[in-house]
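Worksheet: one structure, shown below.
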Amino acid sequence: VNRHESRKRELALARLYCDAAARRELRAHPERFAARHGLEEHELRGFDLEGLEHAAASFAAKRRQRHASPMSRLARIRHFLHRILHP
Amino acid sequence: VAAAEDAVAAAAERDRIGLAWRPELAAGLHEAMAFVDALEVIADNWFHASSRELSALAALGAERPLLLHGVGMGLASAFPVARGRAEAMARLVERVRPAAWSEHLAFVRAGDLEIGHLAAPPRSAETIEGTLENLERVRRVVGSPPWLENVATLVDPPFSSLTETAWTARVFRDGDADMLLDLHNLYANALNFRTDPFAMLREMPLERVRGVHLSGGRWTDHESGGRPRLLDDHLHDPPDAVYDLLTALARDAPQPLFVIIERDGCYPAMDSLLLQIGRARAALATGRAARQPDVRQAA
């Protein structure tokens, strides 16, 4: 497998982690998913589909958590500096 | 024999146990610094800090050994690490002069698609090659190599042809890098994929370990059903097994270790975190003491 193939696999994997529609397609029509991502269908055999859902849910939660953080990064730093400079 | 025992004792004395610094912990930490040997900060949060803010961080580093922990490079990938990210780390390292800096053996994006967190890469010869190239790339830009951290995963990474330990051992062997061993990540992966965590620990390149992370997690029960998996969420205390793994590591790895307790939310009182530091210290001491007979035998 050359570098190009390896990148295609990472792109497909990142899509599966981020996109519920891609995961549905993988389950229902693996041949279409493979064709869409330039992969061979046999490469998709034996996927840990259950784990994929767990991982995707975890990544989605992390993304939500980041966006919903009540304290911005800058505010956190200001908070820290205030504590250090004005103990 | 006495010299060998002295060497083990000296390593134990040089072990450092500390906390991952978070803004929410700052106030309590200020009062508890006497019990904390080292601190770790998320490097990416400081890439755009002002000069004044960096001076405060450097001052903190002057007080205790400071570790910079990167989360965004995505070293374990066939895609090259963006030069800008490596340069940002280089500037921070230059400014703060940490005891070490670290990054994960993870991919976090593919092309323009951001996953949003640390994903275990396909464990294959190709991703080893990509990881080594990225390692060399950042080593050149930053001026020193990162400690590389193993990651937790809820999915057995697709497109893999190697086990986690085989993949990891080859990266460290060929990359000549040091390791930040996250014992809860190891524990979670072992349980999720039905491996003995202590056997897994023994297969890791223990002679490369310089840093250790301790944290906790919870069992997930995804709506799609199936068996639950252990999620490394940094919101819970380290389980007993993680301290047992630390003891085993201290027994099998004679070099001094930086041990950092990580927490990213649901923060307990500082007293509780100090108790965890105490438990880590005791676990290390037990492991160091268990090593003594081995050393005597070898001598």
Chain A contact via [X] - which portion, at a heavy-atom distance below 4.5 Å:
X       : answer
S124(B) : neither
F107(B) : side chain
E31(B)  : neither
A59(B)  : neither
L118(B) : backbone
I115(B) : both

(Q) For L52(A) versus V155(B), what's the shortest heavy-atom pair and its separation? (A) N-CG2, 3.5 Å
If only atom types and distance count, is the side chain of [X] paired as donor or acceptor with the main-chain N or O of [Y] below 3.5 Å?
X       : Y       : result
E126(B) : N2(A)   : no
R229(B) : H54(A)  : no
D48(A)  : D156(B) : yes

Q. A20(A): what forms a side chain to side chain contact (heavy atoms under 4.5 Å, CB included) with it, not counting sequence neighbours?
A. R23(A), R24(A)
**Q.** Verdict with supporting geometry, R63(A) and E114(B), side chain to side chain contact (heavy atoms under 4.5 Å, CB included)
**A.** CA-CA 10 Å; R63(A) 288 192 296 271; E114(B) 294 280 341; over 6 Å; no
Please determine whether the number of non-hydrogen atoms from other residues, nucleotides or ligands lying under 6.0 Å from atom [atom1] of [X] exceeds 12.
X       : atom1 : value
F35(B)  : CZ    : no
D196(B) : CG    : yes
E41(A)  : CD    : yes

Would you give the length of the straight line joining atom [atom1] of [X] to atom [atom2] of [Y], rounded to the nearest 0.5 angstrom?
X       : Y      : atom1 : atom2 : answer
L113(B) : E10(A) : CG    : CD    : 11.5 Å
L154(B) : Y17(A) : CG    : OH    : 9.5 Å
F79(B)  : L11(A) : CZ    : CG    : 4.0 Å

Q | Side chain / backbone / both / neither for L44(A) at chain B, heavy atoms under 4.5 Å | A |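 Interface part for L44(A): side chain.
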Q. Between L49(A) and chain B, which part of the residue has a heavy atom less than 4.5 Å away: side chain, backbone, both or neither?
A.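 L49(A) has no heavy atom closer than 4.5 Å to chain B.
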Q: Show the numbers, then the answer: is there a side chain to side chain contact (heavy atoms under 4.5 Å, CB included) between T220(B) and S58(A)?
A: CA-CA 9 Å; T220(B) 64; S58(A) 162; over 6 Å; no
Q.
Using the rule given for side chain to side chain contact (heavy atoms under 4.5 Å, CB included), can you reason through F159(B) versus L39(A), listing the C-alpha separation, both sets of side-chain angles and the distance that settles it, and then say yes or no?
A. CA-CA 11 Å; F159(B) 306 118; L39(A) 303 169; 3.9 Å; yes
**Q.** Contacts of type side-chain hydrogen bond (donor to acceptor under 3.5 Å, both in side chains), residue D233(B), not counting sequence neighbours
**A.** H236(B)
Q. Does the pair R3(A)/E133(B) count as a salt bridge with the N-to-O cut at 4.0 Å?
A. yes
Q: Could you have a look at A119(B), P122(B), G111(B) and say which one has the most heavy-atom pairs with chain A under 4.5 angstrom?
A: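 Of A119(B), P122(B), G111(B), A119(B) has the most heavy-atom pairs under 4.5 Å with chain A.
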